[in-house]
Amino acid sequence: MSENNQFLDALAQMQEVKAGDIVDVNVLSVEDGQINVGVQGAGVEGVITRRDFTNDRSVNLRDEVKLGDTFKVYVVRRAGGDKENGEFFFSVTRVKEREAYDKLQKDFEEGKTIEGKVTSSVRGGLLVDVGTRGFLPASLISNRFVSDLKPYIGKTIKVKITEIDPAKNRLILSHKELIEEEREQAFENVASQLVVGDVVEGRVSRLTNFGSFVDIGGVDGLVHISEISYKHVDKPSDVLKVGQDVKVKVIGIDNDRHRISLSIKQTEPSPFEQATSSLNEGDVIEGEVKSLTNFGAFVEVADGIQGLVHVSEISYKHVDKPSDVLTVGQKVKVKVKVLNIDPSKRRISLSIKQADPENASSSNDRPRARRSSNNDAFARKYMNNDDNGFSLGDMIGDQLKNR
């Protein structure tokens, strides 16, 4: 066979290269920003840029490929040049994308969780390599607002596919969806073991202006600012810090909204309980008259703790109005007797007349039934026959009415 015929046969066997093909190439050399390759059986050379080799911009190409390595590439386009057959641009990522999209489409249809490495941050979110480049919007990174995306770069995270369109090379991912699924499962596990009234150990996980979130077994419960302390709290950060171990009481479980309400202050004795811990029914103590109403007098028996002396318990003599015999600020020299302590309603019922039994014997008037009056009806509005207790609403309501 003549040399001319041999050349024609070899030429006929050479692979024709055109854009859109997938061909095998050999690595001819590696530079800082590109890989120079030759197409097997075609006598055609071309380049693979860094971005067409990997989605990871930090990769050192010399660490990834060596002279003589072979792999498949996608023919992107022909480049201008004087060489015979011209020079081509090739892409490894396009090949991976084709293979990846086939698998990702199946994962999407089956609702599977996949893993990917965060390669960089862009405006509005993160780029994640899941075999091909996917976009993770900032709003779908977490169930909480994320202001700084940089800590995620380089990390491998689990995501779910929310949208896929191979034709448009569009792949939208979500990490938030997984967090919410895990949170729901964790809530069900924890909530199933709790009942309202339980006291458990927790750890402060987050502070806000309206309260503190406390981790109890992997689930965050909310301690509203009003449930942090019996004392006034301006900001939760004034009394708590992230990572602090605290004891909390479960005061509410909302299964529909997956929320647990907690209280720190209710794990401790209230000021009322502290103040009355040494008081017993029948004790005779001193107090100071703090306010007067038509139906009785409020007497302070401990710091900030007041009890009610009903008008019928002021004296064995008939009293039309408490103000006829008592004044605000007056120290009750005759003392008062504790008739009843109701911790659940935080009420203390007192008596002045019973504090000194001698008052009864020295009185010329024997105790007698008092005639019904408007004041009696007003008092009955707030208490039963066997309950001389009171509430803050009683105090304020009566004062407002008198005004």
Side-chain angles (χ1 to χ4, degrees), residues 1-108 114-120 122 126-135 153-154 156 161 164-173:
M1 180 181 296
S2 66
E3 291 182 1
N4 187 49
N5 289 335
Q6 291 178 345
F7 175 77
L8 292 175
D9 288 341
L11 186 62
Q13 294 174 7
M14 289 185 69
Q15 178 182 353
E16 180 183 1
V17 177
K18 61 182 183 297
D21 288 345
I22 293 179
V23 297
D24 293 308
V25 297
N26 296 320
V27 176
L28 303 177
S29 63
V30 183
E31 300 177 14
D32 288 339
Q34 67 180 41
I35 304 169
N36 300 312
V37 298
V39 179
Q40 293 180 357
V44 174
E45 297 179 6
V47 298
I48 306 172
T49 63
R50 184 195 302 275
R51 65 178 300 173
D52 278 313
F53 181 77
T54 177
N55 290 322
D56 189 346
R57 302 292 184 263
S58 64
V59 162
N60 186 332
L61 294 179
R62 290 187 173 88
D63 294 336
E64 298 297 315
V65 295
K66 304 297 181 185
L67 184 66
D69 284 352
T70 62
F71 42 78
K72 293 185 180 297
V73 296
Y74 176 85
V75 182
V76 180
R77 62 183 174 84
R78 184 188 294 271
D82 297 331
K83 294 182 179 180
E84 186 177 355
N85 293 326
E87 191 175 64
F88 287 84
F89 284 104
F90 303 112
S91 174
V92 173
T93 57
R94 295 282 187 91
V95 176
K96 292 180 179 179
E97 284 171 359
R98 283 192 176 185
E99 296 172 349
Y101 266 111
D102 290 340
K103 179 180 181 303
L104 292 171
Q105 182 67 45
K106 186 176 180 181
D107 291 336
F108 173 65
I114 60 176
E115 283 191 349
K117 182 178 181 181
V118 180
T119 58
S120 62
V122 294
L126 299 170
L127 297 181
V128 184
D129 187 351
V130 288
T132 185
R133 185 172 65 181
F135 179 60
I153 298 176
T156 298
I161 302 169
I164 183 171
D165 188 343
K168 295 182 179 180
N169 199 28
R170 180 179 176 82
L171 183 65
I172 308 299
L173 308 172

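The structure presented is a predicted model; accordingly, all values stated were derived computationally and were not measured.
In terms of heavy atoms, Lys72 sits closest to Val95 at O-CG2, 3.9 Å. Shortest non-hydrogen contact noted between Leu173 and Val128 is CD1-CB, 3.8 Å. When all heavy atoms are compared, the tightest approach of Ile35 to Val65 is CD1-CG2, 3.7 Å. Closest non-hydrogen pair, Glu64 versus Val59, comes out as CG-CG1, 3.2 Å. When all heavy atoms of Phe90 and Asp52 are compared, the pair lying nearest together is O-CB, 3.6 Å. In terms of heavy-atom proximity, Pro166 sits nearest to Tyr101 at CG-CD2, 3.7 Å.
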task: Evaluate the criterion side chain to side chain contact (heavy atoms under 4.5 Å, CB included) for residue pair Val75 and Asp21; output intermediate values, then yes/no.
output: CA-CA 5 Å; Val75 182; Asp21 288 345; 4.0 Å; yes
- request: Please report the C-alpha distance between Phe88 and Val25 in whole Å, then the side-chain angles of each, then the deciding distance to 0.1 Å, and finally whether the side chain to side chain contact (heavy atoms under 4.5 Å, CB included) criterion is met.
  value: CA-CA 12 Å; Phe88 287 84; Val25 297; over 6 Å; no
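At least one side-chain heavy atom of Asp129 sits under 4.5 Å from a side-chain heavy atom of Thr119. Leu171 places none of its side-chain heavy atoms less than 4.5 Å from the side chain of Phe135. Put simply, the side chain of Val47 does not reach to within 4.5 Å of the side chain of Glu31, judged on heavy atoms. For the pair Thr93/Thr132, no side-chain contact is recorded, criterion being any heavy-atom separation below 4.5 Å from C-beta on.
Under the salt bridge (charged side-chain N to carboxylate O under 4.0 Å, His left out) criterion, Arg62 pairs with Asp32, not counting sequence neighbours.
For the atom pair CG of Asp107 and CD1 of Ile161, the computed distance is 5.5 Å after rounding to the nearest 0.5 Å. Rounding to the nearest 0.5 Å gives a distance of 6.0 Å between NZ of Lys66 and CG of Asp63. Atom CG of Leu61 is separated from atom OG1 of Thr49 by 9.0 Å, given to the nearest 0.5 angstrom. In this structure, NZ on Lys103 lies 12.0 Å from CD on Glu99, to the nearest 0.5 angstrom. From Asn169, atom CG reaches atom CD1 of Ile164 across 10.0 Å, with rounding to the nearest 0.5 Å. The structure places CG of Asp165 at 9.0 Å from CD of Gln105, a figure rounded to the nearest 0.5 Å.
A donor-acceptor pair shorter than 3.5 Å cannot be found between the side chains of Asn36 and Glu45.
Other residues, nucleotides and ligands contribute at most 12 non-hydrogen atoms within 6.0 Å of the CZ atom of Arg133.
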